[in-house]
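First comes the structure, then the notes that go with it.
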2 protein chains.
Amino acid sequence: MTESNYRVKTIEWQGDEVVMIDQRVLPLKEEYIHHRTWQEVGDSIRTMVIRGAPAIGVATAMGMALAAQQSGADDYEGLKRDLEEAAAGLFETRPTAYNLGWALDEQRKIYGEPGDPDDIRARMRERSQQILEEDIAMCEAIGEHAAPLFPRGARILTHCNAGALATGGYGTALGVIRSVFKRDPAIHVYADETRPFLQGARLTAWELQQEGIPCSLITDNMSGYFFRKGEIDAVVVGSDRIAANGDVANKIGTYTVSVLAKAHDVPFYVAAPTSTVDLDIPDGGGIPIEERDPAEVTHFGGSQCAPDAIGVCNPAFDVTPHENVTAIITEVGVHREPYSESLAEAKKGKD
Amino acid sequence: MTESNYRVKTIEWQGDEVVMIDQRVLPLKEEYIHHRTWQEVGDSIRTMVIRGAPAIGVATAMGMALAAQQSGADDYEGLKRDLEEAAAGLFETRPTAYNLGWALDEQRKIYGEPGDPDDIRARMRERSQQILEEDIAMCEAIGEHAAPLFPRGARILTHCNAGALATGGYGTALGVIRSVFKRDPAIHVYADETRPFLQGARLTAWELQQEGIPCSLITDNMSGYFFRKGEIDAVVVGSDRIAANGDVANKIGTYTVSVLAKAHDVPFYVAAPTSTVDLDIPDGGGIPIEERDPAEVTHFGGSQCAPDAIGVCNPAFDVTPHENVTAIITEVGVHREPYSESLAEAKKGKD
């Protein structure tokens, strides 16, 4: 379909291998990692070679297709057993990303029904490619729906990386920015660096630069300064999971941005495919928040920046309550309060 | 007086040299830099060997005393000319710190009146030592006034480093925490790492650890998460300059913390000596905000973390409006709205 139009190749099949750009070494190095097993894919998800909920969904689907390839079973039950083991292993790599479980379910729809093992292998491989292509098409649709929401010459703040690198391509929040930029080259983007993993400094800044979109990189604690100066017209972020009531889990720091946006009467938009919406979770209180390695906070690039043995907290995500969210944009359209109704409507016929 | 009671020696006279701990290499190395000239002191202020408004004030006073020592002039007019040149050079090192100009004024009171050059030299040296000792005594008084404001077992957020290292010793915001801890060892401190210069991770975390005060280091974008969980009972920060109406200039990111505190109904305290209060500036709009080197944002602990040639903003300070400030604590006492009256009262007889 469309993914070949984009320069950034986040993840793709090359022969029997799944190839990912190593997001840990961007923007200084452009390196690709080849995966032949689901375990290798699981390691890459865990260590954040690939990150971003939609991209994790694609990686998971491809990881399951690799597991099917790996399995020596020539009977259905043996194949299913191997796939259930892979699914369990992949499931625990990143607990907050809803698309991970969603991708496992999509593959389970295929291998859950008895059938010829080789046929199942082929269909799982095909489905994983389809999920990649659907993801790109969804991001483009999100961008089209969202673009009219932004004023001319908008100065837009984004947090973390919800870009081509966080998805199959194009991006959710950054896809929206790409779509706005196509109509209006006078926009300006403020990109939060997004400690501790620096997805903004390393990935968003790099993607914006690749596209020639004017931007200023700032540290996370600077956005308040620009809100107060009236230099931010809108915020757009992605999401890792959205609860039925519109509460939004996203990268740590998103909640703070939403409080600032509200205090300065600036619209706060969330861009995410409907696959990110989890109707089984009534509100954000039910979304598990991953706590990551303290070394992410005490170190960077191998250099230590805090005293030995200092106490550290490192929650990877936070929850923005729906009342701070001006609109959620999916591939279906623009959804507003009451989200319990608008999101349920958007999900209809999607599962 | 009292400075010898504290382990951390931020700045002191050793013979004819001004010795500072190099705050750029803490907490991994404890190195001291010896200064024989005011130009060396100016470089150390500019490059942030020493930082924090009160400490900059002490360094400036000592730098002027060095300038007096350096001057070969044996007549009053020659000495004064040399000192005016030093004052102009020191004045431009850090534009936001009010204590810098205040310390220059204090020394000018001595050399501004015709007198015997050697007598002026001796008095300037003596005055610089006195400013150091007064600063420590002021910090202790601030701590005493502020401590009763905190509930038992308080969980306290601080931003940047307003500690012993930012002052002659003891600290303003961190001095308050020291005083609270003396009464109540059950407190817990959240320390923002404070990008881009990481004063929180490098200096505040180190000082808290030296004192055995329980703390958690967090990235700047995490405090919202803990506010929302109800895990922060109070905020205390220092200040680089306070306007007559109570608007507070402090390290970039302070304003965001104040918005979060207000949104969660948590008290936001500012701890600073009256020398930080600038009655000549009616409100925060008149406080100059220093823009620093983009490399502070694009690099982290010496390693590059953003693409080459990316656009960057790096304002070093922001202004917290007085309506977000619950109280300002000086060595005189606890001041509340209307600040235009309470601060004017506090300054009486201080200038």
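A, B, ... follow the sequence lines: proteins, then strands. Residue 1 opens every chain.
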Among [options], single out the residue with the greatest number of heavy-atom pairs under 4.5 Å to chain A.
{"options": "B:F227, B:Y190, B:F226", "answer": "B:F226"}
{"options": "B:E296, B:H159, B:H264", "answer": "B:H264"}
{"options": "B:P315, B:P294, B:S258, B:A205", "answer": "B:P315"}

Next on the checklist: I'd like to check A:P27 versus B:Q304 (side-chain heavy atoms, cut-off strictly below 4.5 Å). Are they in contact?
Outcome noted: no

Is [X] close to chain B through its backbone or its side chain, or both, or neither, when contacts mean heavy atoms under 4.5 Å?
{"X": "A:A263", "value": "side chain"}
{"X": "A:L28", "value": "side chain"}
{"X": "A:N221", "value": "both"}
{"X": "A:V257", "value": "neither"}
{"X": "A:P307", "value": "both"}
{"X": "A:H188", "value": "neither"}

So, taking the atom named [atom1] in [X] and the one named [atom2] in [Y], what distance separates them when rounded to the nearest 0.5 Å?
{"X": "B:D192", "Y": "A:R195", "atom1": "CG", "atom2": "CZ", "value": "12.0 Å"}
{"X": "A:L260", "Y": "B:L260", "atom1": "CG", "atom2": "CG", "value": "6.0 Å"}
{"X": "B:I289", "Y": "A:K229", "atom1": "CD1", "atom2": "NZ", "value": "9.0 Å"}
{"X": "A:T219", "Y": "B:F197", "atom1": "OG1", "atom2": "CZ", "value": "13.5 Å"}
{"X": "A:N314", "Y": "B:I218", "atom1": "CG", "atom2": "CD1", "value": "10.5 Å"}

Checklist outcome for this item: Comparing A:G200, A:A306, A:A309, A:A191 against chain B, the one with the most heavy-atom pairs below 4.5 Å turns out to be A:A306

Checklist entry - So B:L217 and A:V297, side chain to side chain contact (heavy atoms under 4.5 Å, CB included) or not? Walk me through it. => result CA-CA 8 Å; B:L217 175 64; A:V297 174; 4.0 Å; yes

Checklist entry - Would a distance-only check, ignoring hydrogens and angles, find a side-chain to backbone donor-acceptor pair under 3.5 Å from B:E193 to A:C305? => result no

Checklist entry - Do B:I310 and A:C215 pass the side chain to side chain contact (heavy atoms under 4.5 Å, CB included) test, and can you show the C-alpha distance, the side-chain angles, and the key distance before you say yes or no? => result CA-CA 8 Å; B:I310 194 76; A:C215 78; 3.6 Å; yes

Checklist entry - Is there a side chain to side chain contact (heavy atoms under 4.5 Å, CB included) between A:D318 and B:M222 once you walk through the steps? => result CA-CA 8 Å; A:D318 58 28; B:M222 286 175 191; over 6 Å; no

Checklist outcome for this item: So, the part of B:F317 with a heavy atom under 4.5 Å from chain A: the answer is backbone

Checklist entry - Which residues, numbered in order, of residues 231-255 of chain B come under 4.5 angstrom of chain A by heavy-atom distance? => result B:I252, B:G253, B:Y255

